[in-house]
Amino acid sequence: MPESKSVRVGVNGYGVIGKRVAAAVTLQPDMALAGVSDVATDWRARVVIRNGFRLFGATAEHATAMRTAGLALAGTLDDLLNQVDVVVDCTPKRVAAKNVDVYRRRGIKFIVQGGEKHEATGHSFVAESNFATALDRDATRVVSCNTTSIVRTLAALKRAGLLRRARGTLLRRATDPWESHESGIMNTLVPEPEIPSHQGPDAQSVDPDLDVVTMAVKVPETLAHLHYWSVQMTREAGKEEVLDAFRTSSRIALINTGDGLVALNTVKELMADRGRPHENLYEVALWADMLRVQDDELFYAYMVDNQAIVIPETIDAIRALTGIVKNPIESIAKTNEALGIGRELI
Ligand SMILES: NC(=O)c1ccc[n+]([C@@H]2O[C@H](COP(=O)([O-])OP(=O)(O)OC[C@H]3O[C@@H](n4cnc5c(N)ncnc54)[C@H](O)[C@@H]3O)[C@@H](O)[C@H]2O)c1
């Protein structure tokens, strides 16, 4: 049941991220989904209505095309914006940057996703690191899936006073599963042309103090990303001390190859068996039994479900911007409870 002081949320762009954000909003006791705006005229728009959400066309022209395709619309994005306290823009990379002017002109708080640049909002968000600096702002950017995982894990080591510098290699999924008939690489690996890859500098947009360098390569699969990290600690530390540092984050789940969770597909299957919507793995799944400490050096690997990891962050960003919950710990706990995060994965 929504609480009486529900924040009204609009979602612009009902794709990979937007559909998950919309579903997550409906699970929050202090939020109500006002509607969803898109440009699609095919099954993707039909499923919005089937899910019981109000559908809006991004522009009058799109609304006409959508109505012609037989879709029952509640209006245009313009109408939706009259009915929301905050809009989460989940349109494709660089489209949101153009919408920003509209939101600002209308005085509506907004969130963009990681495909946009930091400058689009002047604030980049990861809940456990900087919820407080987003409080009551007009806008923030929830950083990308990879960047979210980097900040979550390095922030945990930093809180424990263990982090000196971190160097990571990212194996990035080629494309999202639903559009793998259209693009994606096969039978090759494609290195990002520059070192450092963009994720390290992007993590510094959330926490400028992080000494982090990333390298990345695109790999021919669609399940998730896999990260390998080598960390120079501030001092010698034992494996249990490091694991305890990671345990301070409710959004890092320790998993073990010894439990049969030996690959990305097995973790995805576990999420399906757990009944998570879209098999969402919201947590960073970090292999505890693989983690090694050698004097003051630390080595570990983890999995990032690129389609899901930013969803809880987006929910917390809504609370921060609107100020309905001012305490990060309270917001994170509320989001976790609604999405079933924070208990053991198995
Ligand atoms: N896919 C991922 O794994 C992932 C992970 C983290 C962050 N992100 C970021 O999230 C954002 C959205 O990415 P996505 O993967 O969900 O994209 P997507 O292509 O899956 O979905 C975009 C949706 O927006 C709609 N759309 C296109 N133009 C529009 C317009 N002008 N107005 C309204 N709707 C429009 C499309 O029809 C589609 O439904 C991007 O910034 C991306 O970088 C994506």
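Residue numbers run from 1 in the order of the sequence given. Note that the structure is a prediction, hence the values are computed from the model and not measured.
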Can Arg159 and Thr248 be counted as having a side-chain donor-acceptor contact under 3.5 angstrom? yes
Going by distance alone, is a donor N or O of one side chain under 3.5 Å from an acceptor N or O of the other, for Thr76 and Asp78? no
Test salt bridge (charged side-chain N to carboxylate O under 4.0 Å, His left out) applied to Asp316 and Lys326, Lys334, Arg251, the passing residue: Arg251
Between Val304 and Cys145, the two heavy atoms sitting closest are CG1-O, 3.8 Å
Residue pair Gln307 / Glu279, side-chain heavy-atom distance below 4.5 Å: no
Sub-4.5 Å side-chain heavy-atom contact between Leu345 and Met271: yes
Show which residues join Tyr103 in its hydrophobic cluster (side-chain heavy-atom contacts under 4.5 Å, direct or indirect), or state none. Phe56, Leu77, Leu80, Leu81, Val84, Val87, Val100, Val102, Ile108, Phe110, Val112
Under the ring pair (Phe, Tyr, Trp, His ring centres under 6.0 Å) rule, collect the residues that match up with Phe246, sequence neighbours excluded. Tyr300
Enumerate the side chain to side chain donor-acceptor pair (under 3.5 Å) contacts for residues 206-217, please, sequence neighbours excluded, ordered by first and then second residue. Lys158-Asp207, Arg167-Asp211, Ser197-Thr214
Is [X] atom [atom1] crowded by more than 12 heavy atoms from other residues, nucleotides or ligands, each under 6.0 Å away?
X	atom1	answer
Arg235	CZ	yes
Lys239	NZ	yes
Lys268	NZ	yes

From Val86, Asp85, Asp30, Thr140, residue fulfilling side-chain contact (heavy atoms from CB on, under 4.5 Å) relative to Ile318: Val86
